[in-house]
Amino acid sequence: MSGSRSIVKLALASSPTSVDSARKQPAIQVSNLSIVFESRRGQTIAVDRVSFDVAPGEFVCIVGPSGCGKSTVLNTIAGLEVPFEGDILVEGSPVHGPRPDVGMVFQQPHLFPWKSVRRNIAHGPRMHGKSKTDANAVADDLIAMIGLKRFADAYPNTLSGGMQQRVAIARALANQPRVLLMDEPFGALDAQTRAVMQDNLLELRDRINTTIVFVTHDIDEAIVLADRVLIMSAGPGRILREVAVKLPRPRSSSIMVEPPYLSLKKDCLDVIRAEGLRAFNQSDAS
Amino acid sequence: MQDRTSAPQEIALRVDGRKRRPDSARLRRLNILVGVLSLPLFVGLWELASRSGAVNMVLFPPPTVVAAAVLEWIRSGQFLGDLLASLFRVTTGFIVGGALGILLGILTGQFPVISSLLSPLFHILRPIPPIAFVPIVILWFGLSEAGKLFLVVWGVFFTVWLSTHIGVQKVDRGLIRAALMLGTPRRQMLQEIVLLGALPYIVVGLRTAVSISFYTLVAAELAGTFAGIVYRIEIAQQNMQTGQVMGGLAALGLISFIADRLFAALAERTVWWR
């Protein structure tokens, strides 16, 4: 992290809002979120007046090119990115920092290398005052759910990348968060492992019914997983379009060859292509 | 097309490799044999050289004379006293210097204000070789044990402080973010994440400090004392007992070697997740 950050007030306030303004209170409400990074070179507007809602139990994917601020948006909802301009409410209360009802899975598993799989997963419950026995019981349930019973006492460096990321997901779920944020969690995995992990996540989600916001740069991954896809543009980060994914559930990655899927993908790609062309011409002109 | 041209070469290499395999096994066995014979060979050469008359046997005694001197040293009971005196200085100095180094390394690594206060001072003092402090230590402490400890503590402290400081600063930020998201309170962050994250660096610093504590021991005992391995070497030198001098050096090397190996074994268990 270079330089200090500050906020710039932005006068304009109109922005696209969620199509699906739910009757129930949204799990997440982001309104007019702007984030400015300040470095010696000057100010960079990373995120520009982004607004969206996520309904309880909804699975939303944010896609966009690298550097579009999608991870920054996610980190801000997590309470890891301050300061920011605008309002973020999770379960109706404003975000000031990391909170127990919001879990996060990062691109790297970031498992504690000195803790076994069980103790990694039990860490959250332990920090929230659960006894060792109770925390281990929670961990063992989750270990069974992610299919790693044989590795409960193994240390992270003995696990494959995919297994490590499964542990990281289980660790985030151990606190029973209302909202799970996932920042390109499968980005560092190979294509095969990635497909398996996507199917695992779909299966897992049908069981736990947590609200999920998932950031990725892979449009296929976004459509396979999400109920709704938010497409972001770079420089500054804005939401270009939201696409509702009305594909039947339970799903698996095999829907990727079916016509409704393909037409959705075409819609998304058209938006991305138009934006890419615009950005390219703009950089050419300057 | 490239494939076709490189193919014959590849085959040639493979044939070559197959021919070499028994050779490499023989080479490995030869290496082990040479390794085993290395020390006896040099000791034998030393014995021959000393007794050949080409050198002065008083100044360059053969290993048999050195061994006799060491045996006498042990039999007289002085060896035990010297050993205990030296070990006491090294271990006490190591523990005190190491503990201070870890404590202050965590403080300067974790809290920028404390680092701004202390780091400049430490960086100025650290490069001064501990041996250079001998004269002032004699002025301050005379020939007391406190002076000896001061020198060893001084040498150990800076090494351990620096490695702890760096270790704490190098703790993976990702781990800290993950721990924050899991609800780890700031207070527990130090013991749960920072200390363990820095542990591999701290252990490396402590291991370096083991040899440093022996360097500084030499300076401390040469500064004047009444018992100790290096003290015995100095006394033997004044009496022209070259065998005893060499025996003392060998003992010092052996103790330092054992200390390093013991610490390495301990270190492996300390960083248990590797």
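Quick note on labels: first sequence line is chain A, next is B, and so on, each numbered from 1. Because the structure is a prediction, the values reported are computed rather than measured.
A 4.5 Å side-chain heavy-atom check between B:Arg89 and B:Glu221 finds at least one atom pair inside the cut-off.
Here A:Leu180 contributes atom CG and A:Asn175 contributes atom CG; the two are 11.0 Å apart, rounded to the nearest 0.5 Å. To the nearest 0.5 Å, atom CZ of residue A:Arg166 and atom CG of residue A:Leu148 are 4.5 Å apart.
Proximity to chain A (any heavy atom under 4.5 Å) is restricted, for B:Arg274, to the backbone atoms N, CA, C and O. Heavy atoms of A:Phe112 lying under 4.5 Å from chain B belong to its backbone as well as its side chain. Interface remark: A:Leu181 contributes no atoms to any contact with chain B (heavy atom separation under 4.5 Å). There is no contact between A:Ala174 and chain B, counting heavy-atom distances below 4.5 Å. For A:Arg171, the parts lying near chain B are the backbone and the side chain together; criterion is any non-hydrogen pair under 4.5 Å. Neither the backbone nor the side chain of A:Val105 comes within contact range of chain B; no heavy atoms are under 4.5 Å apart. Residue contact with chain B, scored on non-hydrogen atoms closer than 4.5 Å, involves the backbone and the side chain of A:Pro113 alike.
Using bins of under 30°, 30° to 60° and over 60° for the plane-to-plane angle, the ring pair B:Phe263/B:Phe94 lands in the perpendicular bin. Ring-plane geometry between B:Phe157 and B:Trp161 is classed as parallel, the angle between the planes falling under 30 degrees on a 0 to 90 degree scale with a further cut at 60.
Residue-environment remark: OH (B:Tyr215) stays at or below the threshold of 12 foreign heavy atoms within 6.0 Å.
The greatest number of non-hydrogen atom pairs below 4.5 Å with chain A, out of B:Ile176, B:Thr184, B:Asp172, B:Leu180, is found for B:Thr184.
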